[in-house]
Structures are given as C-alpha cells and as structure tokens.
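Inspection log for the structure reproduced underneath, given as structure tokens.
Order of the sequence lines sets the chain letters (A, B, ...), proteins ahead of strands, with each chain counted from 1. If you're wondering where the values come from, they're calculated on a predicted model, not measured in any experiment.
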Amino acid sequence: MADELPTRYEPAQIERRWYEFWENGEFFTPLLDRERPKFSIVIPPPNVTGRLHIGHALVNTLQDIIVRWKRMSGFNTLWLPGTDHAGIATQMIVDRELQKQGISRFDLGREKFVEKVWEWKESYGHQIIDQLKRLGASADWTRTRFTLDEGLSRAVRYVFVKLYEDGLIYRDLAMVNWCPFCRTAISDIEVEYRELNGKIYQIDYPLVDSDHRLTVATTRPETMLGDTALAVHPDDDRYKDFIGREAILPIVNRRIPIIADPILVDPQFGTGVVKVTPAHDKNDYEAGKRNGLPEIPVIDEAGRMMEAAGAEFAGRDRFDARLKVLERLRESGLLRDTKDYTNSVGFHGKCDTIIEPMISRQWFVKIEPLARPAIDAVRNGTIQIIPQSWESTYFNWMENIHDWTISRQLWWGHRIPAYYCANGHVTVAMEQPDACPQCGSSEVRQETDVLDTWFSSGLFPFSTMGWPDDTPDYQIFYPTDVLITGFDILFFWVARMIMFGLRFTGKAPFSQVFLNGLVRDEHGQKMSKTKGNVIDPLDVIDEFGADAVRFTLAIFTSGRDIPLAKTRMQGYAAFANKIWNASRFALMHIDRKLQSAKPIQRDDLKTVERWILSRLNDATRNVNKSLSAFRFDEASNTIYQFFWHEFCDWYIEMAKPVLLGRHGSPDDAARARRVLLEVLDRSLRLLHPFMPFITEEIWQKLGGVEPSIMVAPYPIAEELLEDREAARLMEAVKAMITAVRNARAERGFTPKDRFKLHVRAEAPRDAKFFEDHSYLLMDLARLTDVVVNGEPATGAHHDVVEAFSIAIEFPERVITKEQIERTQRELEKSRKELDAVVTRLGNEQFVRNAPPAVVEQAHARQSELRARIEKLMQNQ
RNA sequence: AGGCCCCUAGCUCAGUUGGUUAGAGCGCCACCUUGACACGGUGGAGGUCAGCGGUUCGAGCCCGCUGGGGCCUACCA
C-alpha cells in the first residue's frame, strides 16, 4: 500500500498542494448556520506594508491551532482575516518610493498621493496574506477586510459622530507629542522612551537689578530661547528672596519673572532652579497654565527654530541650534558647567525621531467614560486575560489613562468627518453637508487631519462583520470568542477594542484574550538585524517545512517570551520525519481503509493493545485540556511524547512480532493491523491543528469518510478506553526490558548476545500474563528464554522492577568494574530512600495527617525497596 | 519611583490545588547500519531546584528577607 513512499518527508510540494485543496474546497469558510455552536476569532490585522516576520508566524500559528481544533471539534468556525492600513508606515513607504523618483508628496497633492498609495496597496498589500497561507493559516479569505474598506470606514465615521454627539470627542489646543519627521501629532503610548547618554548643562541667568545669577540645569539648552520664567520651590530658603523678581534670559535678553511652583520644582534636584519653557515641555506647559505665563513656541513642525528664537537661530535644526546656543553661552561666560548625563528621551518608534512636545490643536477622545466599563468587564470576568498576570498591567494603565490624541496630520487614513464652514462653524456628520447647518454657508471644507490607525482597528471585531448594520455575520459571529495577540499591543489595540465594543455593541468583543510573548533568540535576546539573530519564517518554512516551524513555535509558547533557534526547528522537522516513517510502516501493513474498517471490539483486544489505546486516550484528554487553557506547549509536547516515545518506541516495536508473523495467529495479526490503523488515525487527527500538512498527506492515504482531515472529528477522551490494569502490566514489561538492556550494556555485552530471563510473579493472573507475553520480552529484550516462577541458576543478575523480581542468567560471570560500582550506587540510593520512607512511616503525624493514598503508597514503596535491596545484595 | 515576571541538568524550559524516587528537548559519552526512520535505535553521565529564614507530618511549589536578571508604566530641569 505504501511502498512508493520515500523514506524522507519532503514538505515543499505537499504543503502547496494541500493548501490549494483546502482553499479551493472552501474548507475555511463557515456556513451561515444559526443552529450549530459557533466559534469566531479575528486576526490581529497585520500592516499592509508588512512582510511576515517571526512574530506574525507565532501569533497566526497559535490562532490556527485553536481554529483548526475548534473546527474539528464541531464548531461552525470563522477566522476572520484582514489587514491594517497603517497610516504612518504606509505613507512613509510610498513617500520614499516617490522620493526615489525625485517627487515629493507635496508636489502631487493630497488626492493624487492617496491614489498612489492605493495603487501601492493593490500591488503589494496582499503579500503578507500570501505569506500567511504558506504557514497554513485556515482563515476565511473570502471575508478578508481592510481597515480602509468602505464598510469599515463607514463604521469609523459612525463611531466618530456618535462619540462627538455624546461629548466624548473634542478638539482643543494642547501640548502633544509631535514627530518633526512625520510632521504629525502622535498619542502618548506611541512615544518610546530610550535611555540616552547625553549632557546636562548648567547655565547662569543674570538677575535684573543685581549682579546675582541663578544657575539652572538643562539637557535642552535650545529651548531656553522660548523660556518665559524661572521657577524655584516656595520653601527653598536659598531662593526665597528671589521670588517675584526678574531674571534676564541670556542671548535673547528678555526679562522673565522668577516664580514659585511647588509642583514643578524639586529643590533636591539639580540647582533647585528650573527654566520654564511652556511651549516645549509638558511639565512647563502645565506650570505655565498654573502661573499664567506666556507660551512662546520657538520650534516649528519640522523641528527647526522659528523666528521667535531670534534671527541668528531661525531656520536651524533644533539640535544644530543647541550647539549654537551653547557656543553663544560660552562666549558670554554663562555656561557654567557641562556634565555627562543619562536620561530617557522620547522617540517616535516608527521613524526613530526624537519627539518634540508642541502646542497644537488636535482632536481627542475623552477616554475615562469609555475606560470605566472596560475595567469592570475584566474585573467581573466578562473578559478573561490569559496569562492572568497581565490583568494588573491592564488595570494600572486603564485607571491612569489619559485622553487619546486621535488626529494625525497625515494623508493616508480615515479623514476626520468634521466640516468647517466659512464662518467657522463646525459640523460633524457621516456625510459631507451641502451647506453649513448653522449659517447656511455653502462653503464647507472637510477637516484635513486623519484618524489614528488604532481608531479603526479598535472597531475590528465588529466593523469587519458589517456593523453598524445588523448583518447575518454580525448576528452569528459577534461577539467573537477569543483574541490571540502579542502583549505589546495590549493598550494600543486590545484595550481600545474592549472600550469601543462595550460602548457600541453593548457586548464585550471577546470573552478571552490570550497574550503571547515575544519571540527571542535562543539566549533570550531580542531578534534584531544588527545582532544578526533574526529568523525569517519564510526561510525556515523552506528549510524545515511549515509543520516543523509551527510545531516549534507551539511547543515553546508558554505565556512568556519564546526562545527560538533553528536547531529546535531541525528537531521538530525530525519529528515530522518520524511521523512520516511510522506512517510508512503502518501503511505497509494496513490492509483496510478507514471507511471499510470495522469498529474495534474492545473485549477482543490483547493487553498491549488496550494499553496503547489507553495511553492515546490519556494523551487525547490532556491535549484537549491543554488547548482549552491555551497551553500550547503542554498540548504539543503531549502529542510528541505519545507519538514518538510510546507509539513508535514501544507499541510499534511490540506489534512487530505479530504483524510480521513471528508470533500469534492470523487473527491476531488482523487485530493488530486494525489497532495500528486506529492509533494512527487518532494520532493524526490529534496532531492536525499543529501540523496540518503532513497529517493531511498521510490521513488521505488512510481513506477516511470525510473529504479532509481538517473536517474530521477531533478526538475526545472516552472512558471506555481507559485501562489501568493494562497500564500496570505494560509498565512492568517495559521496565523489565529496560532492565535487561541496561544490565547487558553495563556488562559489556552487545545487543547480539542473548540470555535467559526469570520473572517472579506471585499473583496467578500476573504469572499468566507474563507467560502469554513472554514473546514481547524475548523480542524487545533479545532473550533466549523467559521462565516465569522458575528457579534461576546461581550467579544470575537479580533486580526488582515495578514490584516484580527478575533474574538474568548471563553465560559467564562477567562483572565489570562499572557493574560493581553501579550496583553499589543502586544499593546506596535504595537504602537512603528506604531510610527516608521508614522514618516517614514511623512519624505518627504523617500517618495521621497525610491522605491514605499517600500513606499506602509509602508502604508499597517500602516493601519494594526492601525486596530490591535484597536482590541487589545477591549480585555482589 | 510603582507594578509584573523570572532564577530548576552544559543550554532552553516544564513541573497542575504542597504528597513518594524533580522531568523534557537540544547538547555530551558509549554501543548498534536490528526489514518505518542514522532527521534512527539502545544504554548512560549530568541537578545542594539562586541564598537565608519561616509555616507544615511533608516545600521546587506557600510566606518573609537578601542577591541577580528581564519587562511595563510614570518621572527625570
């Protein structure tokens, strides 16, 4: 049946073939079925500009595992995919393309530029989706959404208008984080703080009407050009007398007041005197408001000094101006000191530009009323965050949340649906009004700002399902069940979806959030191009196959960071190969297809068969349980251990004597074939969510009734298959085989040397079992003979395993030094343990307080150890 | 500064509500080309569970302290 299969598993063509089969067969698309229980999940939409990196590979592998598992478990399953328009990132890419051609976006103008971006999206925007397919992602691509699609855009406008009408969106002049490179405002959480080795300067400010000088410390001397005060602490005795007087701002020669502000100034820090620049520092801005200070902006939106900074500086870049300011201070002897200084500086992560705090007019979401219900939903368990330790992070952020700056001075994105008329009236509406509703002016212009990209992705779980319309998709699949994403977007995305979802749909958008860790290299280092430790998922899929990559990602996913190395993938590629070859073996023997195979009659089964089915059943239970808890590591490891170390290492080897006709009747062989088929079939189905390609390839050869393994039922544990008695006996057989192999190796014999084994079994049923199964011992331990309850010859090697005494008759009394040492060590260990057990059993408190099962276990262990020690003594 | 997490074999990690003898993968050593597989098989070496103290009949697991590492948030003139 399978002679044509190569001895090595070659993933490449197989993967492509089956993916097409699934996609063309519409296996990823759920039915619009209201009767069957549903399972739904939305993808964290990757940026259209994205190329699949290892983080995508991880999060989408985990989603696919859950989705395939649920689908096979009978749920009407939707995995809804999509991409994010990624305002800044996408605009930057197209901008750069244009620059190569010597064009600036300003040459094109807004409309033409946006057209260009759409063109770019049409050409390259599907790249990431094609790459997700290579991974095996079983998302319903017929429902692929894009955050700038008409439907999603309508949802965005709807939400904006509603929030505005409810008084939760406002426009105001405020201090915001400004990126001079991207020339847009960004929100607080988009600012990345980095420790920077810089300098701190001490600058003298002369006083008006006095020779006295006040010294201030600053890391940003260029902002002094916009200073409008000096501040000291009101209780600081050093400076009390100066409060209310005036200083002269060096270079500019402006008179500025000396004020007292207990909030701004920490007398312990620096010199205790602070320069106040209300237009370019957040704290100074607030101090300015408190003290009624003027704001003098000196840095423009491109990060260049403005006229107000003085003719000498105007037009210079802010960092260039810093040097110039220092030079001038040095000339005038006002630069008192320069020290090395490390402080954290805010960057815009997208473009690596230092953020400039600036006062500008922006749109904001008043967030507190949205945050409150979102906090409650997690607190009362409506939404469960896994791992739970993230909850405190979530609460901490949500409880101290600041209003959200949502306007961006970009062209690519959802243009804010606010309209200004010639008379300055503002109208916020779904569609552009023909005339101003307030004054009738027909001159209405739309706001030029666009919305933060996260505003639209915050609606993703429902905007993608047709909301605000009451569509079948929305009715059937919303709310979703689980969200799987990286912890790095807990605030950016997850929190916003919860807030928007609760407010607009009245329901939590999902009931569970699984936050996966960051993929790191094998030593826990972040992957980065400069370190050269980046693993490209497409490369490793080519090298090891998608199944091996997926399995590796799954088995290293706990709740924390994931240390990844190519050598691991190699290991799991080997596992795929093992599956391949075990299946080859099975296919060589199996004579029937699943379709025509009769159900297994449990009563006919031999112990060894009951044992493997019982073990598989245990594995099945554990895999289902682990997946329910998002323990991808446990689930994958359970299958790995079962398949390789129980099914391959033991069961297949134990079935060989029967399958190859060395033992038993033709009926025995037929039954063994049936069990082999059963175990392989169940194992493949169990494994399918983790390794979809290889399992489909093999399973198709087994001839199941379903058209694909991906719609075959997922195995569930069945109590009928439990068999503890079989487990007890088979563990003993395994332990005896291992003991023989061990003794053989320790005495320097080779596997070719065969010996006679004695087994002592007191209970008649056990004795019968060992007699019946002596062929297993003979075959796997390579023995000449197995004698149950006979008298071993003198000089035999004795041992006790799993409460059974055994003795091996070696042809000569070859006792190596290693063997003697080993016996000594074994004896010592057993005696030590026996002492401990005896002590424990002698302890009244233990016997009284410990559960009876534990006490009983200790008794059993005591007698086993005694027997073992006695036997080992005979070997000396 | 506040919060969270981590320290278990050479490396990377598991270790369920405290219950015998602490596991896995990779790596290492020795033997084996045995009819599915050398991307294999068999056997083996390797751990004072970071340290100290406490609770308990019993602690890798619970509590406290100390040391080391990481992350997040806030602040840093």
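Taking atom P on both B:G25 and B:G44, the two are 14 Å apart, rounded to the nearest angstrom. Going from the P atom of B:C72 to that of B:G47 covers 36 Å, rounded to whole Å. When the P atom is compared between B:C65 and B:A9, the two are found 26 Å apart, to the nearest whole Å. B:C6 and B:A14 are spaced 14 Å apart, taking the C1' atom of each and rounding to whole Å. Between B:C28 and B:G10, the distance separating the two C1' atoms is 8 Å to the nearest Å. Rounded to whole Å, the C1' atom of B:A22 lies 13 Å from the corresponding atom of B:A59. B:G15 sits 11 Å from B:C49 when the C1' atoms are compared, rounded to a whole Å. Nucleotides B:U48 and B:C11, compared at atom P, are 12 Å apart to the nearest Å.
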Once each nucleotide of nucleotides 32-42 of chain B is scored for protein heavy atoms under 4.0 Å, what B/S/- sequence comes out, 5' to 3'? -SSBBB-BSSS
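Pairing each heavy atom of A:A635 with each of A:V623, the nearest pair is O-CG2, 3.7 Å. Closest heavy-atom contact between A:T695 and A:L684: CG2-O, 3.5 Å. Closest of all the heavy-atom pairs between A:R194 and A:F347 is NH1-CD2, 3.6 Å.
Atom-to-atom, CG of A:D753 to C1' of B:G43 comes out at 15 Å; the value is rounded to the nearest Å. The separation between A:N396 atom CG and B:A74 atom C1' is 9 Å, rounded to whole Å. One atom, CD of A:E399, and another, P of B:C4, lie 13 Å apart when rounded to the nearest Å. Protein atom CZ of A:R520 is 16 Å distant from nucleotide atom P of B:G69, rounded to whole Å. Protein atom CD of A:Q268 is 16 Å distant from nucleotide atom C1' of B:C75, rounded to whole Å. Between the CD1 atom of A:I263 and the C1' atom of B:C75 there is a distance of 15 Å, given to the nearest Å. In this structure, A:K734 places its NZ atom 11 Å from P of B:G43, rounding to the nearest Å. Nucleotide B:C6 holds its C1' atom 15 Å from the CG atom of A:L518, rounded to whole Å.
As judged by a 4.0 angstrom heavy-atom cut-off over every strand, A:T567 is placed among residues making no nucleic acid contact. No engagement by A:K526 is indicated, since no non-hydrogen atom pair under 4.0 Å with the nucleic acid exists. Looking at heavy-atom distances under 4.0 Å, A:R220 makes no contact with the nucleic acid at all. Among the protein residues, A:P851 comes within range of the nucleic acid bases, having at least one heavy atom under 4.0 Å from a base atom. Among the atoms of the strands shown, only primed sugar atoms or phosphate atoms (P, OP1, OP2) are found under 4.0 Å from some heavy atom of A:Y341. If you check every strand for non-hydrogen atoms under 4.0 Å, A:T219 touches sugar and phosphate atoms only. Contact annotation for A:N849: base contact, defined as any heavy-atom pair under 4.0 Å involving a base atom.
The shortest side-chain heavy-atom distance between A:V216 and A:V274 does not fall under the 4.5 Å cut-off. Residues A:Y193 and A:N343 form no side-chain contact, since every pair of their non-hydrogen atoms from C-beta on lies 4.5 Å or further apart. Residues A:N622 and A:E634 fail the side-chain proximity criterion, which asks for heavy atoms closer than 4.5 Å.
Interatomic distance, CD1 of A:I579 versus OH of A:Y640, reported as 10.0 Å (0.5 Å rounding).
Residues A:T557 and A:D633 have side chains that never bring a donor and an acceptor to within less than 3.5 angstrom of each other. In the model, A:R220 has no side-chain atom that pairs as donor or acceptor with a side-chain atom of A:H280 under 3.5 Å.
In terms of position along RNA chain B, the nucleotide closest to A:F487 lies nearer the 5' end than the nucleotide closest to the other residue of the pair A:Y201 and A:F487. Nucleotides of RNA chain B nearest to A:D281 and A:I189 differ in position, and the one nearer the 5' end is that of A:I189.
Picking from B:G19, B:G15, B:G43 the nucleotide with the shortest atom distance to the side chain of A:R631 gives B:G15.
Judged by distance alone, with hydrogens and angles left aside, the side-chain atoms of A:D521 form no donor-acceptor pair with the main-chain N or O of A:M527 at under 3.5 Å.
Using cut-offs of 30° and 60° on the angle between ring planes, the pair A:F575 and A:F643 is perpendicular. Using the six-membered ring where Trp is involved, A:W390 and A:F487 have ring planes that are parallel, under 30° apart on the 30 and 60° scheme.
Here the two rings, on A:F632 and A:F514, have centers that are under 6.0 Å apart.
RNA chain B lies under 4.0 Å from no heavy atom of any residue of residues 224-232 of chain A.
Enclosure of atom CD in A:E856 is not indicated, since only 12 or fewer non-hydrogen atoms of other residues, nucleotides or ligands lie within 6.0 angstrom.
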For RNA chain B, the dot-bracket notation using Watson-Crick and G-U wobble pairs below 3.5 Å, [ ] for pseudoknot-type crossings and | for other-strand pairs, is (((((((..((((.....[...)))).(((((.......))))).....(((((..]....))))))))))))....
